Amino acid sequence: MTNPDQIEPGAPARTDFASDFLWGCATSSYQIEGAGREDGRAESIWDRFAATPGKVRDGSSGLVACDHYHRWPEDLDIARDMGLNAYRFSIAWPRIVSEFRAQPNAKGLDFYSRLVDGMLERGIQPWATLYHWDLPQYLQDRGGWAERETVQRYLEFVDAVTRRLGDRVRHWITHNEPWCTAILGNFEGVHAPGLSDFATALQVCHHVLLSHGKAVPLIRANVPGARVGISLSLHPLRPASDSDADSAALARHDGLRYRWFLDPLHGRGYPAETLQRVGAAAPAIQDGDMDAIGVATDFMGVNYYFPETVAGAPDHAPLDARVLPPPAGAQTTAMGWEVAPEGLCELLGRIHADYAPKELYITENGSCYNDEVRADGRVADVQRGSYLARHIGAMKDAITAGVPVKGYFAWSLVDNFEWAEGYLRRFGLVHIDYTTQQRRLKDSGKWYRDFLRQP
Ligand code: IFM
């Protein structure tokens, strides 16, 4: 068995987990597919954003990315050879729908149909995410997610996709990380569409959650035996100090970062203190919306990367709170994110205690490091392998403590377009040479493969 540089001697074994546990990797359409102008794909908000000078650090875009649109058989071969039994991918809305087309784009649907067949032929269970941030630009031109109309357009897209793939795909994720869609895209302005308005961000958030709630019964109607959930990006939160000011700031931050999503998704509505705090920026809510959002799902997807330390900050509207950089001396990744595997166990324990979702899946977890291809062709990413092994260990601790975690998807299968960071940041277990499009299994990928091969 490969043991690249003794990645993590004390790591758990696959046999520590249930035999039907899912082991996968995750990707998203805009980050890997490329083929930005092929087969009738329409413009997405990320095409527009990336083409705007200064928005993406290296001036790049997803137009070519990993060329997965053409190279998917090779990528799925790699996934199979790693021993994955599940693969989480997302569907590019602009490949399916455009303003000039009355019917869904057959070529776009055909692509995902081939991709799904490719997974099934290789013994890999497909997990489809319906929205991972690539909104058609023409919908943004009409107001995007801030407009209630977009919920209806999303449902039409979901209907078309689930009708076509629902005979083979049982597992559906309605949205990836609504916090990022709403806050990074519409308040902080660092993601597409690049807006900076808090009230808009909260309205976007409400419509995204509403579209989730309305999509769940639609998917169930179209897909026999469907299992539907949503993936949230979450962090365990720590106060910067034991002062009253920092504890109060932490509670305010928690209200928007955690409870604003999890409370309504579990039928409890938006947290009252946060609603009061946001005041006039609160979203317009129609009768029935909160019931729709609170629809029961089959699982909760958790995307975990790092914990957040929160301090009171009177100059930081709207919550008078801010997230601090990692504490001095903390281990960090190349993104500057703290490496804290125990945070995963803590987070899972909290979600289980607060909401008790029937099943949880880690739908993303991974790390960014500045990889180099050595002269012998090896990518010796010991730190990423260690991150992976230690987080799998933390997940095992959560399961031992009674949290019903049923699967794990490493982010990401391949290096890819890391949004506003462009191609400067690598998260893959497989290295991509963007000049040649050569794929190369990193040592972390070899560690995962050997972990999965354990009898
Ligand atoms: O690359 C992203 C992904 O698209 C969403 N979750 C976090 C990842 C790393 O930043």
Side-chain angles (χ1 to χ4, degrees), residues 28-31 36 41-56 61-63 90-101 104-105 108 129-161 173-215 218 230-233 256 260-261 264 270 278 280-286 289 292-293 318 417 419-420:
S28 88
S29 47
Y30 190 77
Q31 292 180 273
R41 178 185 174 279
E43 187 187 17
S44 86
I45 55 173
W46 269 95
D47 295 312
R48 181 72 63 89
F49 188 74
T52 309
K55 298 297 185 191
V56 174
S61 77
L63 267 184
S90 81
I91 301 198
W93 188 347
R95 285 200 192 283
I96 312 300
V97 175
S98 88
E99 65 184 312
F100 307 112
R101 193 177 283 118
N105 178 15
T129 304
L130 286 156
Y131 187 76
H132 197 128
W133 309 351
D134 39 2
L135 182 72
Q137 178 63 40
Y138 83 94
L139 291 178
Q140 186 60 43
D141 295 342
R142 298 178 189 175
W145 282 111
E147 286 298 319
R148 201 172 168 97
E149 183 64 22
T150 300
V151 175
Q152 197 48 42
R153 301 284 85 81
Y154 171 79
L155 294 174
E156 291 163 5
F157 157 66
V158 170
D159 187 47
V161 171
I173 293 172
T174 54
H175 280 271
N176 184 67
E177 302 180 349
W179 183 87
C180 297
T181 303
I183 302 292
L184 295 184
N186 295 274
F187 177 46
E188 296 187 10
V190 295
H191 277 190
L195 305 179
S196 306
D197 183 74
F198 189 54
T200 301
L202 293 189
Q203 192 64 61
V204 163
C205 190
H206 182 67
H207 288 153
V208 166
L209 293 178
L210 181 63
S211 75
H212 154 82
K214 288 181 177 255
L218 174 62
I230 186 167
S231 290
L232 303 182
S233 55
L256 190 65
W260 193 261
F261 297 86
Y270 292 116
V278 302
I285 301 170
Q286 294 188 8
D289 284 5
I293 294 172
F417 177 77
W419 308 113

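Quick caveat: nothing in here was measured; it's all calculated off a predicted structure.
The nearest pair of heavy atoms linking Gly144 to Thr150 is O-OG1, 2.6 Å. Contact record, Tyr30 with Gly62: OH-N, 2.9 Å, taken as the closest heavy-atom pair. The two residues His207 and Ala146 make their nearest non-hydrogen contact at CE1-O, 3.1 Å. Residues Ala292 and Leu210 share a closest heavy-atom pair of CB-CD1, 4.0 Å. Among all heavy-atom pairs drawn from Leu209 and Pro264, the shortest one is CD1-CG, 4.3 Å. Among all heavy-atom pairs drawn from Arg95 and Asn105, the shortest one is O-ND2, 2.9 Å.
By the 4.5 Å heavy-atom criterion applied to side chains, Leu232 and Pro178 are counted as neighbours. Residues Phe261 and Cys205 meet the side-chain proximity criterion, which asks for heavy atoms closer than 4.5 Å.
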Quiz item: Hey, mind stepping through Ile285 and His206 against side-chain contact (heavy atoms from CB on, under 4.5 Å) and telling me if it holds?
Solution: CA-CA 8 Å; Ile285 301 170; His206 182 67; 3.8 Å; yes

Practice problem: Could you check Glu156 against Val97 for side-chain contact (heavy atoms from CB on, under 4.5 Å), going step by step and ending with a plain yes or no? | Solution: CA-CA 9 Å; Glu156 291 163 5; Val97 175; over 6 Å; no

Quiz item: Could you walk me through whether Val278 and Tyr270 pass the side-chain contact (heavy atoms from CB on, under 4.5 Å) check?
Solution: CA-CA 11 Å; Val278 302; Tyr270 292 116; over 6 Å; no

Quiz item: Is there a side-chain contact (heavy atoms from CB on, under 4.5 Å) between Ser44 and Trp133 once you walk through the steps?
Solution: CA-CA 9 Å; Ser44 86; Trp133 309 351; over 6 Å; no

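Leu155 CG to Gln152 CD: the interatomic distance, rounded to the nearest 0.5 Å, is 5.5 Å. The distance from atom CD1 of Ile183 to atom OG of Ser233, rounded to the nearest 0.5 Å, is 10.5 Å. Here NE2 of His132 is found 8.0 Å from SG of Cys180. Values are rounded to the nearest 0.5 Å. Note: Glu177 CD to Thr129 OG1 = 10.0 Å, rounded to the nearest 0.5 Å. Separating the CG atom in Leu202 from the CZ atom in Phe187 is a distance of 9.0 Å, to the nearest 0.5 Å. Glu188 CD to Leu195 CG: the interatomic distance, rounded to the nearest 0.5 Å, is 13.0 Å.
Under the 30°/60° scheme for interplanar angles, the aromatic rings of Trp46 and Trp419 are found to be tilted.
Judged by distance alone, the side chains of Gln31 and Ser28 do bring a donor and an acceptor atom under 3.5 Å apart.
Distance alone, capped at 3.5 Å, is enough to place a donor-acceptor pair between the Thr52 side chain and the Arg48 backbone. The backbone N or O of Thr181 lies less than 3.5 Å from a partner atom in the side chain of Asn186, making a donor-acceptor pair.
Judged as a ring-ring contact (aromatic ring centres under 6.0 Å, His included), and not counting sequence neighbours, the contacts of His175 are Tyr131, Trp145, Tyr154.
Ion pairing of Arg41 with Asp134 is absent here, as no side-chain N (NZ or NE/NH1/NH2) approaches a carboxylate O to less than 4.0 Å.
Between Ile230 and the options Asn176, Leu130, Thr174, a side chain to side chain contact (heavy atoms under 4.5 Å, CB included) holds for only Thr174.
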